[in-house]
Amino acid sequence: MALSGVRVLELAGLAPSPLCGMILADFGAQVVRVDRSPRSAMNTDVQGRGKRSLAIDLKRGPGAAALRRLCLRADVLVEPFRHGVMEKLGLGPKVLLQENPKLIYARLTGFGQSGRYAKSAGHDINYLALSGVLSKLGRKDENPYAPVNLLADFAGGGVMCAMGIIMALYERTKSGKGQVVDASMVEGAAYLSSFLWKSQNLGLWNRFRGENLLDSGAPFYETYKTLDGKFMAVGAIEPQFYEQLVKGLELDLDKLPSQLSFSDWPEMKKMFAAIFSKKTQAEWCRIFDGTDACVTPVLSLDEVALHQHNKERGSFIKNDQEEISPRPSPLLSRTPATPSPRRDPFIGEHTEEILLEFGFTKEEIAKLHSEKL
């Protein structure tokens with residue numbers, strides 16, 4: 001696989017850093033999740049696919065010393081703590097990069113390593129708010145809303161951090177040097193929204209939130225409830241696609257207002273909603289499948305792996321516990337990801353095995369255990 005041979009130490013944290021580690025593991029990296037002592041920790045990592053678990057207490061001298069030694073043989077360290085935490089433990093990048101100049105030290109935080117909020121607590125909704133993106137999300141006359149914790153935590157955080165690590169690994173092939181990756185979820189979410197910033201002069205966002213082309217204002221870019229209580233997603237933006245949408249709804253295009261007549265959009269949405277409510281989701285799929293009307297069913301997590309398109313592509317996989325999850329993306333033609341079929345690791349499950357691989361002797365491991373690691 002593409003990242004075969006890359007050794008990653010991922011310090012256990014909440015959602016974003018586990019995704020980052022899983023991406024690296026899915027594409028071939030050897031990822032060790034460094035957990036807290038199993039006696040005092042609960043496994044919250046549901047994205048542990050392909051990882052192994054080593055349990056040490058970084059707040060104790062022997063545990064911190066063990067991590068420093070592990071970093072001597074590691075390519076990447078992923079740490080998810082607030083600014084200054086690792087420095088207090090004597091495990092900051094100045095120390096670890098001095099000992100291993102080739103180390104990629106990835107710091108994944110909400111607010112980044114500098115700035116007024118660097119030491120503040122926060123969650124996805126806070127990072128999204130500070131990025132400017134949250135102000136654009138929500139329907140007309142409603143408060144802004146966060147679409148679960150996908151945009152800042154996972155896209156702006158986990159994915160951006162993984163991308164930064166891979167870029168740093170590539171640069172290292174030329175310079176032979178490691179570096180620090182400062183992945184801020186605020187900045188990651190803002191960077192994802194570059195289109196919003198760069199399209200402001202196109203007239204796409206001139207109206208209030210919820211009244212624009214792509215934010216639920218348009219009748220042809222919306223979700224509609226069906227007779228059986230399910231939903232259809234409509235994205236017929238281009239005129240030729242809109243024409244096919246109207247045809248599928250059995251309406252006369254010549255008798256409708258102009259597609260871009262903003263003042264008519266509210267009434268057109270009511271009309272479309274009434275029509276969609278008269279047929280089941282399956283009936284609408286039979287009408288629109290195979291057309292360019294840009295109309296698709298809104299699938300639940302229970303349904304998505306059974307959809308014919310996803311089945312044909314093998315877009316979802318099962319592990320040895322019969323748990324379904326998305327297949328790694330994107331697909332690489334020559335070195336595709338081959339995700340582990342095994343269950344996620346228990347905390348500390350591979351501690352001795354990993355320490356032996358990193359050069360610890362059995363006597364040293366026994367001593368660490370006696371010191372409660």
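Computed from a predicted structure; not experimentally measured. In this chain, residues are counted from 1 in sequence order.
Using cut-offs of 30° and 60° on the angle between ring planes, the pair Phe262 and Trp265 is perpendicular.
Interatomic distance, CE of Met167 versus CG of Leu169, reported as 10.5 Å (0.5 Å rounding). The CG atom of Leu77 lies 5.0 Å from the CG atom of Leu11; values are rounded to the nearest 0.5 Å. Note that the CE atom of Met22 and the OG atom of Ser17 stand 12.0 Å from one another [nearest 0.5 Å]. Note that the CE atom of Met232 and the OH atom of Tyr224 stand 12.5 Å from one another [nearest 0.5 Å]. A distance of 8.0 Å separates CG of Leu134 from CZ of Arg209, quoted to the nearest 0.5 Å. The CG atom of Leu249 sits 5.0 Å away from the CZ atom of Phe276 when rounded to the nearest 0.5 Å.
Using a 4.0 Å cut-off between charged nitrogen and carboxylate oxygen, Arg107 and Glu87 count as a salt-bridge pair. Residues Arg139 and Glu211 are not paired through a salt bridge, judged by the lack of any N-O separation under 4.0 Å between the basic side chain and the carboxylate. A salt bridge is defined here as a Lys NZ or Arg NE, NH1 or NH2 lying under 4.0 Å from an Asp or Glu carboxylate O, and Glu364 with Arg69 meets this definition. Under a 4.0 Å N-O distance rule, the pair Arg52/Glu349 does not qualify as a salt bridge. Checked for salt-bridge contact, Asp35 and Arg33 meet the test: a charged N lies under 4.0 Å from a carboxylate O.
A 6.0 Å sphere centred on NE2 of His307 holds more than 12 heavy atoms belonging to other residues, nucleotides or ligands. Other residues, nucleotides and ligands place no more than 12 heavy atoms under 6.0 Å from the CG atom of Asn201. The environment of Leu301 atom CG is sparse: at most 12 non-hydrogen atoms of other residues, nucleotides or ligands sit within 6.0 angstrom. Annotation for Ile125: atom CD1 does not count as buried by contact number, only 12 or fewer foreign heavy atoms lying within 6.0 Å. The local environment of CD in Glu250 is sparse, with at most 12 non-hydrogen atoms from other residues, nucleotides or ligands closer than 6.0 Å. Within 6.0 Å of atom CG in Leu14, 12 or fewer heavy atoms from other residues, nucleotides or ligands are found, so the atom counts as exposed in its surroundings.
Side chains of Phe272 and Lys269 form no contact here, defined as non-hydrogen atoms less than 4.5 Å apart. A heavy-atom distance below 4.5 Å is not found between the side chains of Phe208 and Lys140. Side-chain atoms of Ile166 and Met163, non-hydrogen and from C-beta on, never get closer than 4.5 Å to each other. Within the 4.5 Å cutoff, the side chain of Val234 has no heavy atoms near those of the Thr223 side chain. Residues Gln47 and Phe154 meet the side-chain proximity criterion, which asks for heavy atoms closer than 4.5 Å. Looking only at side-chain heavy atoms (C-beta outward), Phe111 and Arg116 stay at 4.5 Å or farther from each other. Using a 4.5 Å heavy-atom threshold, the side chains of Cys294 and Ile237 count as separate. Under the 4.5 Å side-chain criterion, counting only non-hydrogen atoms from C-beta, Lys51 is not in contact with Asp344.
Note on Trp197: it does not cluster hydrophobically with Leu204, by side-chain heavy-atom contacts below 4.5 Å among ILVMFWY residues.
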- Please walk me through it: do Thr226 and Trp284 pass side chain to side chain donor-acceptor pair (under 3.5 Å)? CA-CA 8 Å; Thr226 59; Trp284 286 118; over 6 Å; no
Output a table of donor-acceptor pairs, distance under 3.5 Å, between side-chain atoms of residues 316-332 and any protein atom two or more places apart or on a different chain; print 'none' if there are none.
| residue | atom | partner | partner atom | Å |
| --- | --- | --- | --- | --- |
| Lys318 | NZ | Glu322 | OE1 | 3.4 |
| Asn319 | OD1 | Gln321 | N | 2.8 |
| Asn319 | OD1 | Glu322 | N | 3.1 |
| Asn319 | OD1 | Glu323 | N | 2.9 |
| Asn319 | ND2 | Glu323 | OE1 | 2.7 |
| Asp320 | OD1 | Arg343 | N | 3.2 |
| Ser325 | OG | Arg49 | NH1 | 2.9 |
| Arg327 | NH1 | Arg313 | O | 2.7 |
| Arg327 | NH1 | Gly314 | O | 3.4 |

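Judged purely by atom type and a 3.5 angstrom limit, Ser4 has no side-chain atom pairing as donor or acceptor with the backbone of Met1.
Geometric assessment of Arg82 against the ring of Tyr117 yields a negative cation-pi assignment under the 6.0 Å and 45° thresholds.
The list of ring pair (Phe, Tyr, Trp, His ring centres under 6.0 Å) pairs with a residue in residues 58-85, not counting sequence neighbours, is empty.
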